[in-house]
Amino acid sequence: MISGLVHLDLTKDAKVDWGQLDYLVIDMPPGTGDVQLSVSQNIPIAGAVIISTPQDVALLDAHKGAEMFRKVHVPVLGLVQNMSVFQCPKCKHETHIFGADGVKDLAKTLGLDILGDIPLHVNIRETCDSGQPVVISQPQSDAVDQHCESLNRCMALVKVEIKQAKAYLKIAMEIVRRLPEPPA
């Protein structure tokens, strides 16, 4: 059912007019299920970013997801460690609720870069629950700065992938232009 919606909303036969987009970010559930396969097989993707908490069970899904994208020839741009540490708003003590450095270790195993390390912030949850995400209500906060750092790294990598794809397309077009005409 969800893969059908992906097809209806994101392919060339889409019923939704997305207009001219620079980027379309698709937040998918963890794992390697129908949604991920449908998206990767039906939509041209510049790259995937794997986001995971550093706990062991989440890392298993993150590893499977990265391998699945590689198998379907979608570049994995890197990993983001989410909810990496909790800092008490009163005493500033830091606690690694979900473990420490699990995503960083996975990145080394997969030969990928870490694009960001996002701490667990109470104010992110509170501002989202109130309908005023932290990027709107507190645009100068550390939480926004950390998210923007990760986003900028992702955007830079996507631009590199698009540039490389355009270069390959140009070469392919030149090769096709030089091919002899097929016999009639």
Side-chain angles (χ1 to χ4, degrees), residues 2-3 6 10 21-88 92-125 128 133-135 141-169 171:
I2 291 177
S3 56
V6 167
L10 297 173
L21 299 174
D22 290 330
Y23 300 96
L24 176 62
V25 176
I26 303 171
D27 183 5
M28 293 191 284
T32 57
D34 289 344
V35 174
Q36 292 86 343
L37 287 171
S38 290
V39 167
S40 62
Q41 292 171 342
N42 294 302
I43 301 161
I45 301 174
V49 175
I50 308 294
I51 301 172
S52 179
T53 59
Q55 71 190 84
D56 291 343
V57 70
L59 294 168
L60 293 172
D61 279 341
H63 192 160
K64 286 180 190 174
E67 292 300 330
M68 189 260 333
F69 281 118
R70 284 180 168 167
K71 284 180 185 169
V72 295
H73 309 292
V74 172
V76 179
L77 303 175
L79 292 103
V80 174
Q81 183 162 265
N82 194 22
M83 296 189 259
S84 56
V85 66
F86 172 74
Q87 185 181 60
C88 176
K92 305 298 182 202
H93 174 76
E94 291 188 349
T95 303
H96 295 277
I97 296 170
F98 298 106
D101 297 329
V103 175
K104 291 176 183 175
D105 294 340
L106 178 60
K108 285 179 193 166
T109 299
L110 296 172
L112 296 169
D113 292 326
I114 290 288
L115 302 176
D117 193 24
I118 310 295
L120 179 61
H121 285 282
V122 172
N123 65 330
I124 292 174
R125 195 241 346 128
C128 287
V134 72
V135 294
S141 69
D142 288 343
V144 171
D145 287 345
Q146 289 161 332
H147 280 80
C148 287
E149 271 182 45
S150 298
L151 182 58
N152 285 333
R153 286 189 192 115
C154 292
M155 289 170 41
L157 288 168
V158 167
K159 286 178 183 173
V160 167
E161 289 293 331
I162 290 170
K163 235 183 216 178
Q164 289 174 346
K166 286 181 179 176
Y168 288 124
L169 181 59
I171 292 167

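Small disclaimer: the values here were computed from a predicted structure and weren't measured.
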*How about V49 and L115: do any of their side-chain heavy atoms sit closer than 4.5 Å?*
yes
*Under a 4.0 Å N-O cut-off, is there an ion pair linking R70 with E67?*
yes
*asked:* Please find the pair of heavy atoms, one from L120 and one from F86, that lie closest to each other, and give the distance.
replied: O-CD1, 3.6 Å
*For S84, what residues pass the side-chain hydrogen bond (donor to acceptor under 3.5 Å, both in side chains) criterion, not counting sequence neighbours?*
D117
*Check K104 against I114 and note the closest heavy-atom contact, atom names and distance.*
CA-CD1, 3.7 Å
*Within a strict 4.5 Å, meaning less than it, do heavy atoms of the M83 and I97 side chains meet?*
no
Output a table of donor-acceptor pairs, distance under 3.5 Å, between side-chain atoms of residues 50-57 and any protein atom two or more places apart or on a different chain; print 'none' if there are none.
| from | atom 1 | to | atom 2 | distance (Å) |
| --- | --- | --- | --- | --- |
| T53 | OG1 | Q55 | OE1 | 3.4 |

*Closest approach of A66 to L110 (non-hydrogen atoms, all atoms of both residues)*: CB-CD1, 3.7 Å
_The criterion is side chain to side chain contact (heavy atoms under 4.5 Å, CB included); which residues satisfy it with H73, sequence neighbours excluded?_
none
